[in-house]
**Student:** 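The structure under discussion is supplied below as structure tokens; questions concerning it will follow.
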Amino acid sequence: MPILLDDIDLSAAAVAAQKTVDPKFFSSRLTGSGKKTGLLNESLRPINTATNTAYAVDRDIEVKQSSTHHDITTALVPLAPITRRSLLSGGSFTLPVPHVDDRFGLDISTPANVWDVHFDMTPQALTVYEDKAGDKIRRDLVIQYRLELYFLKQGVAEPERAVSVSRSVGYGNHDAAVFLQWDTSPAENARDFIEEVLSAAGLSAANLDKLADWMDEYPIYESITRLAQIWDSEAISDTVCQYVQDMPASPTEEQLNMLAVQLRYLENYNVPLEAYRRIHQQLDTTFSAPIAAKLSKQNLSLLMNHTLDHLDRMKGQLITPPQPTTAPVFPPHLSKQQLDALSTHEPLVMTQAGAGTGKSTVILERIKYLETCGVPASDITVLSFTNAAADNITEKNPNVGSMTIAKMIIDIYSMNHPTHKVSAIDTIINSIDIFYPNSQFAATFRHRLLEVDQNKTGAFTALNTFVENHFDEVIALLDRIEQTSLELQIIICYQKIDDMSEPAHVQSKYLIIDEVQDNSVFEFIYVLKYITKHAQSLFIVGDASQTLYEFRSANPRALNTLEGSGVFATFRLTTNYRSNQEILDFANVVLGGLETNQFANIQLQANSLAVPTADSFQEKVTLDYHEVARLTGFIANDLQPIVRNTVIPEYVQACLDRGEQVAFLAYARREVALIQEVLEKAYPNKHVASLVSDRVYATDIFSKYIKFFWNDVLQVQPANASFVVSQGIKDNMGKLTKNAGNANVEKAILRTISEWWVENSAAINGWVALCNQGSLPANVFFDRLRDNLLSFEIMRNQQKLNVNKQKNQERKRKNLESKADLVVSTIHGAKGLEFDNVVVLYKEDAKMTQDTKRMFYVAFTRAMKSQYVLSYGTAKNPPIQSSYEQIVNALTERDEKNAQRVAGIDPILLVDDEDAGTAGDQQQVAEAV
């Protein structure tokens with residue numbers, strides 16, 4: 001079958017053409033392209049770095065984070081692979097000896113000297129300050145350096161590494177040693193550091209006056225770029241593994257704790273998969289099994305590798321389906337790829353399935369095949385990402401267990417902790433403040449939860465470690481406040497997986513997981529540990545390139561980790577049954593730099609014998625690019641007129657005239673709303689179906705009021721307490737919500753207060769009556785009232801979430817079933833769906849991030865018949881436009897060769913249906929990418 005990009009190795013070409021590593025790897029705040037402009041540029045030197053000493057805090061910067069106070073945003077950006085100064089200065093750790101071209105050689109004048117002494121420094125971290133108080137944003141950059149003074153013994157070969165020593169111990173016992181100091185103003189302080197160390201050694205240097213000249217040439221931009229290249233490659237594992245090897249033979253608890261922090265520090269950046277495998281192997285080699293296991297828990301990727309290793313060791317004990325007693329009969333439409341995947345008898349199976357390749361079909365046929373092998377349906381459980389997908393499995397296989405992984409965890413947790421109600425983290429934090437105002441343990445637990453709620457780097461790992469180290473105390477606290485959260489549920493289920501009771505409906509022998517790429521990394525880890533516990537068979541289906549839920553800790557590399565581990569039998573589905581080849585060619589080329597696709601080696605091809613031509617490609621894929629001065633101005637000023645005056649008359653109307661559906665996909669809700677407004681005005685008699693879900697916001701108004709103002713309630717008689725609560729919330733909205741002054745928000749709060757009173761007035765008045773009779777002490781009444789308010793808040797948040805979820809699912813189902821002529825949706829909302837024709841709003845960005853590329857991969861693979869890409873950007877000739885033109889050119893050349901073949905003009909250039917597009921045509925496209 002003629003496929004334009006069949007067998008093209010996009011990975012090498014795409015990476016070479018698109019992937020560059022520069023200081024922006026660490027933070028987009030590091031503005032500048034490497035020239036003389038921008039916050040960090042090639043001309044920056046230590047002597048002209050505008051260090052504001054008031055900002056220069058001397059500390060270990062180990063977490064990438066930012067905070068804003070009084071119009072000043074402070075961004076902390078760690079840089080060095082190893083950051084803990086207390087460990088590096090400990091006497092056993094080593095650093096690479098810098099290249100002779102990078103270091104400053106000292107001219108030691110002491111006659112009896114036997115040492116070559118060199119100075120160098122390494123950017124360790126930086127802090128960016130943005131002051132927005134004035135008319136213009138003012139930025140300050142503070143760089144923290146590690147100053148390094150190397151002593152290399154003369155007469156021996158120069159070693160690759162030097163031992164870090166303290167000034168009290170000295171360097172005499174080593175052939176190569178290095179003294180360290182951290183500093184934010186090396187131009188002012190480096191000379192003093194050198195002279196102090198030399199003086200202590202009885203040495204002096206004759207050329208220190210030239211240090212300023214060396215400093216004037218020190219390339220900050222280049223040095224930080226080198227660090228970015230280390231982080232972005234397997235070289236990071238060399239550094240960390242060496243660090244682990246340098247640990248003392250019998251490390252102290254303090255040293256192990258510091259190493260744990262260092263491993264957690266790796267979560268700041270996107271460390272390659274192979275690097276994590278090597279680091280995990282080094283931990284296993286260096287330490288005992290209990291210590292290696294404890295250290296692996298400090299980083300989710302390391303924990304994934306650790307769990308996979310354990311699973312691999314017991315693979316032989318996992319259940320496998322028996323051979324079928326009679327030859328199974330498969331539907332004739334199944335491909336060989338699909339048949340190979342669904343009929344395997346391996347205990348651990350991963351199917352990497354590209355968009356539109358029949359993931360749902362494979363799962364349904366896998367269930368039928370297991371039943372053919374004699375497996376009862378009741379022994380099979382399918383875990384889906386959404387309730388709608390789970391309901392679909394139940395509808396077609398009522399005897400098969402079907403639920404979301406979240407539902408499974410909730411049910412297991414509830415069986416073991418029935419008094420813990422699922423609550424919002426804000427309410428839990430307020431409750432901790434209410435019930436444990438003076439507890440240091442509670443304060444630390446609160447801090448860990450807050451970091452998770454703010455999605456801070458490494459927060460989930462830190463919370464998991466904290467719960468493990470204080471498990472009984474955590475459970476006692478949750479028992480007291482009678483609350484939990486989804487994050488705490490899975491952590492606690494993981495920690496006590498071997499001891500927890502499980503409801504019958506979650507138990508099975510054959511576990512199947514659909515859309516597995518959307519599960520969080522910790523959900524992956526939990527499932528792997530769960531099947532290890534039950535010796536189950538596991539069959540997972542997913543597409544790492546369609547991971548869109550990183551905001552809830554989904555990681556596109558998790559699937560790649562499973563594949564690269566060798567623990568799973570891996571199958572690939574690459575034949576697309578949804579789109580024509582023209583649409584797939586466009587997606588394959590434009591998004592050729594998608595790392596997840598490169599790793600999985602998936603390139604989509606259509607299930608069609610039709611040969612794409614230049615004309616058919618331009619007919620089925622339209623690119624409409626608009627060069628703009630400012631990106632934000634396009635959405636505000638240009639989007640609606642272009643949709644109204646160009647997209648509708650030139651594309652949409654023709655689709656509707658053919659009786660076909662058109663879907664508009666955009667990234668943001670605002671963009672979708674603007675498009676929907678134009679469509680509704682242009683087609684007043686047509687239903688424009690929106691797949692955008694309503695948002696739901698949890699309230700913590702009652703728990704926050706109790707935390708800050710409960711003493712006001714305690715000052716009145718029980719009969720007046722409810723009034724004080726209601727009035728107190730109304731009077732203090734400015735302190736209880738960030739949205740005070742918003743009429744809709746205040747109206748909603750007043751409505752919630754009213755609903756609380758309507759639902760609880762009878763019970764509260766009953767308690768008041770008991771107080772008046774003297775049979776209920778006042779302090780007990782106030783405790784009941786407080787608990788009643790908290791319970792109402794928790795219940796109301798659950799109701800709002802569940803009702804909103806059901807409403808969204810029902811509306812989406814009805815809109816899809818209605819087959820509306822016009823559909824609008826965010827790209828996230830269209831995931832898993834398909835439409836006749838699709839208009840995609842595409843923002844061009846030469847340095848597009850991988851998560852954005854995955855989003856557009858989803859968007860570009862929704863259309864069945866044709867696609868219109870409405871693109872905008874500031875570039876004159878953007879990559880998407882040049883890629884489109886190269887596809888057209890390659891197809892045009894192939895069309896000409898085919899025409900010559902038909903005419904019998906040049907038999908040397910014959911291109912038959914079996915080999916079309918596999919040589920020169922493909923090379924052109926590969927070069928275009």
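Owing to the predicted nature of the structure, the values given are computational and were not obtained by experimental measurement.
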**Student:** Tell me which one of Ile363, Thr570, Leu573, Ile540 satisfies side chain to side chain contact (heavy atoms under 4.5 Å, CB included) with Thr351.
**Tutor:** Leu573
**Student:** Could you check whether any side-chain heavy atom of Ser825 comes within less than 4.5 Å of a side-chain heavy atom of Phe664, counting everything from C-beta outward?
**Tutor:**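 No, side chains not in contact.
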**Student:** Distance only, no hydrogens: is a donor on one side chain within 3.5 Å (strictly under) of an acceptor on the other, for Ser384 and Asp514?
**Tutor:**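 Result is no, nothing qualifies.
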**Student:** Does a donor on one side chain sit under 3.5 Å from an acceptor on the other, for Tyr651 and Gln867?
**Tutor:** no
**Student:** Could you tell me whether the side chain of Leu870 reaches within less than 4.5 Å of the side chain of Val840, counting heavy atoms only?
**Tutor:** no
**Student:** Measure the spacing between CG of Leu639 and CZ of Arg670 and express it to the nearest 0.5 Å.
**Tutor:**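 Separation between the atoms: 9.0 Å.
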**Student:** Checking the side chain of Asp624 only, and the main-chain atoms of Val869 only, is there a donor and an acceptor separated by less than 3.5 Å?
**Tutor:** no
**Student:** Side chains of Glu885 and Gln881 only: does a donor on one sit below 3.5 Å from an acceptor on the other?
**Tutor:** no
**Student:** For the residue pair Ile827 and Met855, what are the closest heavy atoms and their distance?
**Tutor:**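 Answer, listing the atom of Ile827 first, then Met855: CG2-O, 3.3 Å.
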**Student:** Quick one: pull up CD1 in Ile512 and CG in Leu383 and give me the separation to the nearest 0.5 Å.
**Tutor:** 9.5 Å
**Student:** With a 4.5 Å limit on heavy-atom distance, are the side chains of Lys865 and Lys620 in contact?
**Tutor:** no
**Student:** Please determine which of Ile393, Asp391, Asn397, Asn392 meets the side chain to side chain contact (heavy atoms under 4.5 Å, CB included) test together with Ser402.
**Tutor:** Ile393
**Student:** To the nearest 0.5 Å, what is the distance between OG1 (Thr225) and NZ (Lys24)?
**Tutor:**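 Nearest 0.5 Å value for the OG1-NZ distance: 9.5 Å.
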**Student:** About how many Å separate OG of Ser866 and CD1 of Ile583, when rounded to the nearest 0.5 Å?
**Tutor:**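 These two atoms lie 6.5 Å from each other.
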**Student:** So, do Arg366 and Ser343 sit near enough that their side-chain heavy atoms are less than 4.5 Å apart?
**Tutor:**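 Not in contact.
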**Student:** Does Leu833 offer a backbone N or O that forms a donor-acceptor pair with the side chain of Arg862 under 3.5 Å?
**Tutor:** yes
**Student:** Looking at every non-hydrogen atom in both residues, tell me the closest pair between Pro328 and Tyr369 and how far apart they are.
**Tutor:** CG-CE1, 3.8 Å
**Student:** Would a distance-only check, ignoring hydrogens and angles, find a side-chain to backbone donor-acceptor pair under 3.5 Å from Gln618 to Ala614?
**Tutor:**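 Judged by distance alone, yes, a pair lies under 3.5 Å.
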**Student:** Would you call the rings of Tyr269 and Trp231 parallel, tilted or perpendicular if under 30° counts as parallel and over 60° as perpendicular?
**Tutor:**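 Answer is perpendicular, since the angle exceeds 60°.
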**Student:** Please determine whether side chain to side chain contact (heavy atoms under 4.5 Å, CB included) holds for the pair Glu365 and Thr361, giving the CA-CA distance in whole Å, both sets of side-chain angles, and the decisive distance to 0.1 Å.
**Tutor:** CA-CA 6 Å; Glu365 293 299 330; Thr361 297; 4.2 Å; yes
**Student:** Go through Val541 and Gln352 one step at a time and tell me if the side chain to side chain contact (heavy atoms under 4.5 Å, CB included) criterion holds.
**Tutor:** CA-CA 6 Å; Val541 181; Gln352 290 266 34; over 6 Å; no
**Student:** How about Leu538 and Val349: do any of their side-chain heavy atoms sit closer than 4.5 Å?
**Tutor:**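 In short, these two side chains do not touch, never coming nearer than 4.5 Å.
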**Student:** Can you tell if the side chain of Val678 reaches within under 4.5 Å of the side chain of Tyr683, non-hydrogen atoms only?
**Tutor:** no
**Student:** Using side chain to side chain contact (heavy atoms under 4.5 Å, CB included) as the criterion, point out the one residue from Thr344, Leu339, Leu342 that pairs with Phe571.
**Tutor:** Thr344
**Student:** What orientation do Phe634 and His626 show, parallel under 30°, tilted 30 to 60°, or perpendicular over 60°?
**Tutor:**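 Ring orientation of Phe634 relative to His626: tilted.
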**Student:** Please evaluate residues Arg854 and Val858 with respect to the criterion side chain to side chain contact (heavy atoms under 4.5 Å, CB included), reporting the C-alpha separation (whole Å), side-chain torsions for both, the decisive distance (0.1 Å), and the verdict.
**Tutor:** CA-CA 6 Å; Arg854 286 193 301 274; Val858 171; over 6 Å; no
**Student:** Please examine the side chains of Leu891 and Thr613, heavy atoms only from C-beta on, and report whether any two atoms are closer than 4.5 Å.
**Tutor:** no
**Student:** Do Tyr842 and Phe860 have their ring centres less than 6.0 Å from each other?
**Tutor:** yes
**Student:** Can you confirm whether the side chains of Gln661 and Asp821 place a donor and an acceptor under 3.5 Å from each other?
**Tutor:**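 There is no such pair (donor and acceptor under 3.5 Å, judged by atom type) between the side chains of Gln661 and Asp821.
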**Student:** Going by distance alone, is a donor N or O of one side chain under 3.5 Å from an acceptor N or O of the other, for Thr574 and Arg572?
**Tutor:** no
**Student:** Does Gln338 use its side chain to pair, donor to acceptor, with the backbone of Ser335 at less than 3.5 Å?
**Tutor:**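 Flag set: sc Gln338 to bb Ser335 pair under 3.5 Å.
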**Student:** Might you point out which heavy atoms bring Pro878 and Glu844 nearest each other, and give the distance in Å?
**Tutor:** CB-CG, 3.4 Å
**Student:** Can you check side chain to side chain contact (heavy atoms under 4.5 Å, CB included) on Glu627 and Lys876, steps first, answer last?
**Tutor:** CA-CA 6 Å; Glu627 182 184 348; Lys876 183 174 289 295; 4.0 Å; yes
**Student:** More than 12 foreign heavy atoms under 6.0 Å from OH of Tyr667: is that the case here?
**Tutor:**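 Counting neighbours around OH of Tyr667, 12 or fewer heavy atoms of other residues, nucleotides or ligands fall under 6.0 Å, so no.
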**Student:** Looking only at non-hydrogen atoms, find the nearest pair between Pro649 and Asn645 and report the distance.
**Tutor:** CG-O, 3.1 Å
**Student:** When rounded to the nearest 0.5 angstrom, what distance separates CD1 in Ile648 from CD1 in Ile642?
**Tutor:**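 Between atom CD1 of Ile648 and atom CD1 of Ile642 there are 12.5 Å.
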**Student:** So Leu822 and His687, do their side chains get closer than 4.5 Å, heavy atoms only?
**Tutor:** no
**Student:** Taking Leu674's backbone N and O only, do any of them form a donor-acceptor pair with Gln640's side chain (distance below 3.5 Å, no angle check)?
**Tutor:**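 Between the backbone of Leu674 and the side chain of Gln640 there is a qualifying donor-acceptor contact (under 3.5 Å).
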**Student:** Is a side-chain donor-acceptor pair under 3.5 Å present for Gln653 with Asp657?
**Tutor:**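 Note: Asp657 and Gln653 side chains meet the donor-acceptor criterion.
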**Student:** Looking only at side-chain N and O atoms, does Glu582 offer a donor or acceptor that is under 3.5 Å from a partner on Ser616?
**Tutor:** yes
**Student:** If you measure from CD on Gln900 to CG on Asp895, what distance do you get to the nearest 0.5 Å?
**Tutor:** 11.0 Å
